[in-house]
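Here is the structure we will look at.
Here is how names work: the chains are called A, B, and so on, in the same order as the sequence lines, proteins then strands, and each is numbered from 1.
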Amino acid sequence: MAASVPEKPSLDGVEQKWSEAWESLGVYNFDRSTTRDQVYSIDTPPPTASGSLHIGHVFSYTHTDTIARYQRMRGKNVFYPMGWDDNGLPTERRVQNYYGVSCDPSLPYDPTFRPPAEPPKQAIPISRPNFIALCDELTKEDEKAFEALFRRLGLSVDWSLQYATIDTRSRRASQRAFLRNLARGEAYSQDAPTLWDVDYKTAVAQAELEERERPAAYHALAFHKTDGSGDIVIETTRPELLPACVALVAHPDDERFKSHFNTTVRIPLFDVEVPVLAHSLAQPDKGSGVAMICTFGDTTDVTWWRELNLPTRAIVGRDGRIISDAPTVITSERGIANYAELAGKSVKQAQTRIVELLGQSGEMLGEPKAITHPVKFYEKGDRPLEIVASRQWYIRNGGREEAVRAEMQKRGRELNWVPEFMWHRYENWVGGLNGDWLISRQRFFGVPIPLWYALDTDGEPRFETPLVPSEARLPIDPSTDVPDGYTEDQRGKPEGFSGDPDIFDTWATSSLTPEIAGGWEEDNDLFNRVFPMDLRPQGHDIIRTWLFSTVVRSHFEHGSVPWHNAALSGWILDPDRKKMGKSKGNAVTPLSMLEEHGSDAIRYWAASGRPGVDTALDPAQMKIGRKLAIKMLNATKFVLGILGESDAPPISAITAPVDQALLKKLGVLIDEATKAFDAYDYARALEKAESFFWFFCDDYVELVKGRAYGQQGDAAGASAKAALATTLNVLQRLFAPIVPFVTEEIWSWWQAGSVHAQSWPTSGDVSVGNVGDLLVLDVASNTLMAARRAKTEAKRSMRTEIALMKVTDSTARLAALRLVEADLREAGAITALELSEGEFCYTVVLADPV
RNA sequence: GGGCGUUUAGCUCAGUUGGUAGAGCGCUUCCCUUACAAGGAAGAUGUCGGGGGUUCGAGUCCCUCAACGCCCACCA
């Protein structure tokens, strides 16, 4: 078809022009009529809706998009949905502030409730369903902004395939999956010591921990032996837990303490008698070699408590304060008085006070020795975690059963990890689990645990036999919905029922993204066409959470891995090589970068980052991307100008040796790019295509333009034109996954349809038979370069004529040179040519200045 | 303490069955060449982290050490 090239090609406005065209043409629509083997399905990460997108999102989502576009061109029907993670604490906090409301799950649903126009000073308590409705409303706005940015970035998502992790479909899937876990015995509740955030007042899972170096101090405390034979001195960083002490412990082989085992001592200040016990976890080289076990100071205490069958004497409440009632074992007068000094104080205040008391009583030896040590925090929290006993729901994940752990590790090995070494992180994590997956949270905004409990005659819940809704009723909210066989007026009454007040942790729902996006049990026809999915792209920091939990759910529900490939993206580093934190003031908004450099340039930068490799935020790389896009505009315009109005000759017209060589080189490029994309290495594909493209522009086009204009006759011209047209066409397709806007623009100048709907080229497409010698191209390039060098070194214009070129080279290379001699002559690289065999050497004589 | 990754030109990084060190940026010099001056051409630049080994030959394979980064671990 005749080309229609703009007078002055430009990148201005291509993002808007083409993203609108793609939407209206439905270029990226998923076609649900195809079978599983024709589908390529992607479990897109749902970004957190209440944050803001940062450049890291742009980076990693671009990687996925290049794969999606490649697979689409390979003829796959790409299932590329978008989710929004609007479920969880960030949204909860935002909604509270934005509307001036607070969630009270004990309140009934009010269908007429509307928040006031201005948030009131005093937060309005509302029911959980009302609260969720507001969360839904507010996150919709954020999601629109995110979608606009992703569209501008050129993500080839099918925007009709959207979900939010709090929407009805997700809540239903989350509750359904849980009820099935419950029915099969994979989910259970247990009253047990749990890591607890005292500010959020919720239990926290192992996967959500992080350690922070905090100042602390060793306090040396003397425990008097009850037999009067002296003292045992322990060192502790948490003297305030003395009333919760249930034993001392030392290593069984520690000679210093062997004689003390199974004797008793009295706790300083409180006079409670506790035993001295032996356990192999006690470390002789730590502190004084003997530790006090409290319920509970840290996770080791929990292990000791469980394995040594110790009693529970909890003193830290869920608000992080010392509870008012002293353990009943404290009976001495001073013990009761000392406890009263601590009751109601925060842990920190209690520590200050107890150190004073210990000083007065003389039971602390010397001054506290300041240290810093790692302390466990909830990753979103501000105060150290406490350990409190509470009833929580768990899903088995291998943390307590070797057999389940082995199954999870086997699933990990079934995945193709990109890059491969990321698998070690999974293996490491699963191998190090020390408890099952805690899924319940004492928060409001999230998917409610879909259970009620029958109340006995005393009004106490029967936790062992929860009341379970039928799947047909889902999603339910037990705070307002009523179990079958009961009426609302029985809520909270003896012999009545109560709803489980808790919600699922956000990972308990997002571990089901393949099921939610794929329409599991809602649209099984669709689900069977997309599951198990082909690709899970995600950050390597959430292997232990999102990736692992998704594997756990899929393993139990479907008996398979949830996807076949897991591609882990790297971090964006700021120019100081530090991980770019959202709190860092230097964070540039993605939109401003897209506006400044253009979407293709940003994508080029992103695609230059190898899979899984941390990459610096580098504006220089973006500028190169923009330069490439502009070069593509200009080169296309030029080549189309050479090709003229009539159709380009077919590939069979390619007869000139240099053209045959070009096609051969092009075939090699196609194979390399294909192999790279198949291995999820978009960066390598780009690198290869880019270097070919610059060679094509700088050398090949320069070399053959004269012949293509017809200066060596029609047949020779047709050969050049066919090679130019074929190569241009192929290059546009090869670049399409990386820089979709400029390729669509230049494709539209001379081809019908969207370039993104074209097939991926194969080396077979460009084969001209077993001909073409790459040596011809190499020699031609060398000759062109020798001519340019001579002009540059003589500080002469590139228009300067070459009077004579003497070439000494091998027989084969001289033969190759003769095959492009005419083209070189027309390109101005030679006029007179002298050839001789020998050591490689070019001598160039320039014409005299005019 | 365990695991993983990184270490190649001033900077950012390629280097895939072991075979004479690469790209881009930056730098120097030159050129308005009717596709491109927000461009083009050419040039300079490296004990490939250290040490040892295998080999005719090692940036590439093996051992070892070091630095940096990340993950994990029972952190009294």
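- Per the geometry, CD belonging to Glu420(A) stands 13 Å off P belonging to C4(B), to the nearest Å.
- Two rings, from His540(A) and Trp571(A), have their centers less than 6.0 Å apart.
- Summarising the geometry, the separation between CG on Asp699(A) and C1' on A41(B) is reported as 11 Å, rounded to the nearest angstrom.
- Contact annotation for Met422(A): no contact, since no heavy-atom pair falls under 4.0 Å across all strands.
- In this structure, Trp605(A) reaches neither bases nor backbone, as no heavy-atom distance under 4.0 Å exists between it and the strands shown.
- No engagement by Cys294(A) is indicated, since no non-hydrogen atom pair under 4.0 Å with the nucleic acid exists.
- Partner of Gln732(A) under the side chain to side chain donor-acceptor pair (under 3.5 Å) criterion, out of Trp747(A), Trp750(A), Trp749(A): Trp750(A) alone.
- Asp698(A) comes within 4.0 angstrom of sugar-phosphate atoms only, judged by non-hydrogen atoms across all strands, and of no base.
- Note on Asp298(A): nothing from the nucleic acid sits closer than 4.0 angstrom, heavy atoms only.
- Contacts of Lys795(A) with the nucleic acid, taken as non-hydrogen atoms under 4.0 Å apart, involve only primed sugar atoms and P, OP1 or OP2.
- Across all strands, Glu211(A) comes closer than 4.0 Å to base atoms (heavy-atom distances).
- For Trp429(A) and C4(B), the CH2 to C1' distance is 16 Å, given to the nearest whole Å.
- The distance between atom CG of Leu686(A) and atom P of C13(B), rounded to the nearest whole Å, is 16 Å.
- Nucleic acid contact for Ala683(A): none, since no nucleic acid atom lies under 4.0 Å from a heavy atom of the residue.
- If you take CZ of Phe693(A) and P of C36(B), they are 14 Å apart, rounded to a whole angstrom.
- At a non-hydrogen distance threshold of 4.0 Å, His373(A), Pro374(A) from residues 367-374 of chain A come into contact with RNA chain B.
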